[in-house]
4 protein chains.
Amino acid sequence: MPTTPQRPDPRTRPNPGRRSERSRAAILRATRELVSEVGYPRLSIEAIAARAGVGKQTIYRWWRSKGAVVFDAFLALSEGADGVVLPDTGDIEADLKEVLRATVAEFADPVFEAPIRALNMEVAGDPELAAQYRERLAAPVDEAKKERLRSAQRAGQIRADADLDLALELLYAPLYQRWLLRSAPLTPEYADALVEHVLRALRP
Amino acid sequence: MPTTPQRPDPRTRPNPGRRSERSRAAILRATRELVSEVGYPRLSIEAIAARAGVGKQTIYRWWRSKGAVVFDAFLALSEGADGVVLPDTGDIEADLKEVLRATVAEFADPVFEAPIRALNMEVAGDPELAAQYRERLAAPVDEAKKERLRSAQRAGQIRADADLDLALELLYAPLYQRWLLRSAPLTPEYADALVEHVLRALRP
Amino acid sequence: MPTTPQRPDPRTRPNPGRRSERSRAAILRATRELVSEVGYPRLSIEAIAARAGVGKQTIYRWWRSKGAVVFDAFLALSEGADGVVLPDTGDIEADLKEVLRATVAEFADPVFEAPIRALNMEVAGDPELAAQYRERLAAPVDEAKKERLRSAQRAGQIRADADLDLALELLYAPLYQRWLLRSAPLTPEYADALVEHVLRALRP
Amino acid sequence: MPTTPQRPDPRTRPNPGRRSERSRAAILRATRELVSEVGYPRLSIEAIAARAGVGKQTIYRWWRSKGAVVFDAFLALSEGADGVVLPDTGDIEADLKEVLRATVAEFADPVFEAPIRALNMEVAGDPELAAQYRERLAAPVDEAKKERLRSAQRAGQIRADADLDLALELLYAPLYQRWLLRSAPLTPEYADALVEHVLRALRP
DNA sequence: TGTTAATCGAGACGGTACGTCTAGTCTTGGC
DNA sequence: GCCAAGACTAGACGTACCGTCTCGATTAACA
């Protein structure tokens, strides 16, 4: 599904039916492959076009920048995960530890690591992409997380007046920072400690 | 002071006295100017060399990459701030709020914002630079912050067994993340709320 | 008209109609100007591209080397002189003296001298260029000269079994050598003496 | 022995005894090796200095240009051949054929061919070197050749009033031209034909 | 014999140009 | 009118050398 302004929505698409779905898929696929192979900074539009068997203009026609292509390429992967729901065993601490440990594992997996890092670097430098990132990737996941926290509020495990946005940041930002800047090792124990500290701040 | 492997320490420097201090200073100065003028992604080694009145080889001789030059350029600025000491009024909450509000203000200042963002993007993508970053920029400041937290521990305002590294991350990572990804506005009130929440987790 | 292997013939041209005639002409024109201004050894592809308002790649795309560009630049000048015919008054000695005196004059003219010398130095060092030189520049002129010698044979002024290739060399090589190595002054009298000696060797 | 203006003569040498003969020999030796290995156009002063274990300045101090070094390097080889004498069996035709066949063989030997060609290209482009070339390399050999022709004059095999300089050019220039421009194959038969034609022009 | 000044190896310096790569635009011809 | 293909201008990349300029460290002549 389209992401960039040029093609923001399948229903609004300028020339419906004229765009080659074949080319679009080939471009995104080539982009994913190349990011894995050479890394984001060495990725070039030339190489994408060549790999995809596509004219460069076809890329420039539909995407604003290299970052936008990469964004779409990996957005396409996470799409379909729309109905994200976090586990809810009734024990918020156990559930959060599980989720954060999963995140730690994801960050450790080089297959995911490279493109996610690329995406984050690009997002850091491009406010427009950042907005896309929030709307299309972060927001749905964050909403699911907040829903789990609300459930904990109803269960009396978290203060009723807690700022859930801040709570999410307290939970995820330290992990994110360690990963992005490689400032310290990311371990399951770290995830646990993080959850324990944050819950201490959130309990009634 | 030197940062890159090629010139790791003035005392260990390969050919002491042979390197032109004049050129080194001109390069770092030109780099700072150009980052401000055109931004990091549009910064080129060619332009730095031209602006500094220096041969390109002189840059390649002493720095590994564009990122390394930028790093040194801004490192040189923060140097001299070696003996960082945080305010200590005896009230850890008030002191932390002041410090975090100052950080928020710094991130809001476009003069600092652009190069720091550039540096962070570069550090995110280059493990070697990341190590330099931790050692030379982050470590001294973090140590000062931890010293203030230790003082609070002695005053009984923070638990004696608290993990201070984690405490620092809880305080700063959410702020860092909001700034880097522009995921939400950075306000003094946010800084206050952050401090309040984190202290709740750390109190005895 | 094309010279280099990459574009050997307008009819065989790889992508007919794709190459920019405008750029090609600008490049050859700029080359001629620059050879005159700074001389061949100081001629650079960078400068040609800049003067022609052309990307460097456009030069590298269609020519193998600086020498090849220079070759084409001056080949383009002599083209059109395809139907060279030497004077034929019936007196072979007078006619040859006239032609060799003209060659002497040409070598003395600094406007022609510089590029021809550049071309000869390049041809001396590059067998491929040398082949082009023979085919496209030397051959037609040599053929015209041999035709005049054949006419003299028919008139009984030159032996019927004379080796005309050798005859040409005897006539022109001494002149060429004096010019190239500047081993002695080139004068009209020298041209006359040369003709007289060579004809003595060729007469029946 | 010195060649360039900076060191024109051992007796006039500015600081007699100060110059390192060791360095001079190493430079010329390295130059010969490198010309053979990479060819003249790819020869660089940097490489010569590195190979010779010499500072670049030591080369620039004593030679005007790359061409001057190469010139000296190969001049040193032919020196000692001062007292060149051509064979004199009494039969000028046989003797000249032998000498020209030897020249043809020399031009065919790749060991000699490469540096001589390099030297000729350089001499063609540098009038000052050309003068050196004439004085130090060509003159002695030409004098020996003319001496043989004079002997033939005395023997009545060549006209007494023949211009011997022109005679030499008629003999050697065609051969030189064929070799330099690779305009036709150089064979012993060609040498013979050349001698026969030229002698026909010179006989009484 | 010790002084002193030129030469030496070494290599950093400001530069120019190389030949390659990519950006982003434009043009052609096929579908 | 989109598409693949690829030529175009533009300009940065990182490398190779240029010729000049310090640096000490020899080193040879003179004092």
Side-chain angles (χ1 to χ4, degrees), chain A residues 14-15 17-20 22-24 26 42-50 52-66, chain B residues 14-24 26 42-50 52-62 64-66, chain C residues 14-24 26 42-50 52-62 64-66, chain D residues 14-24 26 42-50 52-66:
Chain A
N15 294 296
R18 306 284 276 173
R19 177 169 184 183
S20 160
R22 180 191 233 312
S23 295
R24 189 180 158 272
R42 297 244 269 258
L43 177 69
S44 72
I45 302 246
E46 299 257 349
I48 296 173
V54 138
K56 284 199 292 175
Q57 202 59 275
T58 303
I59 300 182
Y60 285 109
R61 206 180 343 259
W62 299 107
W63 286 276
R64 247 190 344 110
S65 66
K66 185 175 79 164
Chain B
N15 294 297
R18 312 273 288 147
R19 178 167 183 183
S20 162
E21 180 55 30
R22 171 186 249 302
S23 295
R24 187 180 158 270
R42 295 243 262 266
L43 177 68
S44 72
I45 301 238
E46 297 252 352
I48 296 173
V54 139
K56 284 199 287 175
Q57 204 58 38
T58 302
I59 299 182
Y60 285 110
R61 190 160 19 235
W62 302 107
R64 255 191 335 112
S65 65
K66 185 175 80 164
Chain C
N15 295 295
R18 311 274 285 148
R19 178 169 184 182
S20 161
E21 181 54 29
R22 172 188 247 301
S23 295
R24 186 179 160 273
R42 294 244 262 265
L43 177 68
S44 74
I45 301 238
E46 299 252 352
I48 296 173
V54 139
K56 284 198 289 174
Q57 203 58 33
T58 301
I59 300 182
Y60 285 110
R61 195 166 8 245
W62 301 107
R64 256 190 336 111
S65 66
K66 186 175 78 165
Chain D
N15 296 293
R18 309 279 282 181
R19 177 167 183 185
S20 161
E21 180 55 29
R22 179 194 228 327
S23 295
R24 187 179 159 272
R42 297 245 267 261
L43 177 68
S44 72
I45 301 246
E46 298 253 352
I48 296 173
V54 139
K56 285 199 289 174
Q57 201 61 275
T58 302
I59 299 181
Y60 285 109
R61 202 176 349 255
W62 302 107
W63 287 276
R64 249 191 342 111
S65 66
K66 186 174 80 163

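Each chain gets a letter, A, B and so on, in the order its sequence line appears, and its residues count up from 1. These values consider heavy atoms only, across backbone and side chains, with no hydrogens, waters or symmetry-generated copies.
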Sequence-distant partners of A:Ala26, side-chain contact (heavy atoms from CB on, under 4.5 Å), two or more places apart: A:Ala52
For A:Arg61 and F:dC3, what is the distance between atoms CZ and C1' respectively, to the nearest whole Å? 7 Å
Residues at least two apart in sequence or cross-chain that pass side-chain contact (heavy atoms from CB on, under 4.5 Å) with B:Ile45, listed by chain then number, are B:Ile59, B:Tyr60, B:Lys66
Taking only residues two or more places apart in sequence, or in another chain, which ones meet D:Thr58 in a side chain to side chain donor-acceptor pair (under 3.5 Å)? none
How long is the line joining CD of C:Glu21 and C1' of E:dT27, in whole Å? 16 Å
Work out how much the helix from E:dT1-F:dA31 to E:dC31-F:dG1 bends between its end axes, five pairs an end, to the nearest 10 degrees. 10°
Treating primed atoms plus P, OP1 and OP2 as sugar-phosphate and everything else as base, which nucleotides of nucleotides 14-20 of chain F get B, S or - for protein heavy atoms under 4.0 Å? BB-BBBB
When rounded to whole Å, the CD1 to C1' distance for the pair C:Ile48 and E:dT16 reads 15 Å
A:Lys56: which residues meet the side chain to side chain donor-acceptor pair (under 3.5 Å) condition with it, sequence neighbours left out? A:Glu46
For the student: nearest non-hydrogen atoms of C:Gly55 and C:Ala49, plus distance: C-CB, 4.3 Å
Contact under 4.0 Å: A:Ser23 side-chain N or O vs F:dC2 OP1/OP2: no
At less than 4.0 Å, is any side-chain N or O atom of B:Trp62 found next to OP1 or OP2 of E:dG11? Yes or no. no
C:Gln57 vs C:Trp62, side chain to side chain contact (heavy atoms under 4.5 Å, CB included): CA-CA, chis, key distance, verdict: CA-CA 9 Å; C:Gln57 203 58 33; C:Trp62 301 107; over 6 Å; no
Go through F:dA4, E:dG14, F:dC23 for me and flag the one nearest to the B:Thr58 side chain. E:dG14
Given atom CZ of C:Arg18 and atom P of E:dG30, what is their separation to the nearest angstrom? 11 Å
How long is the straight-line distance from CZ of C:Arg42 back to OG of C:Ser44, given to the nearest 0.5 Å? 11.5 Å
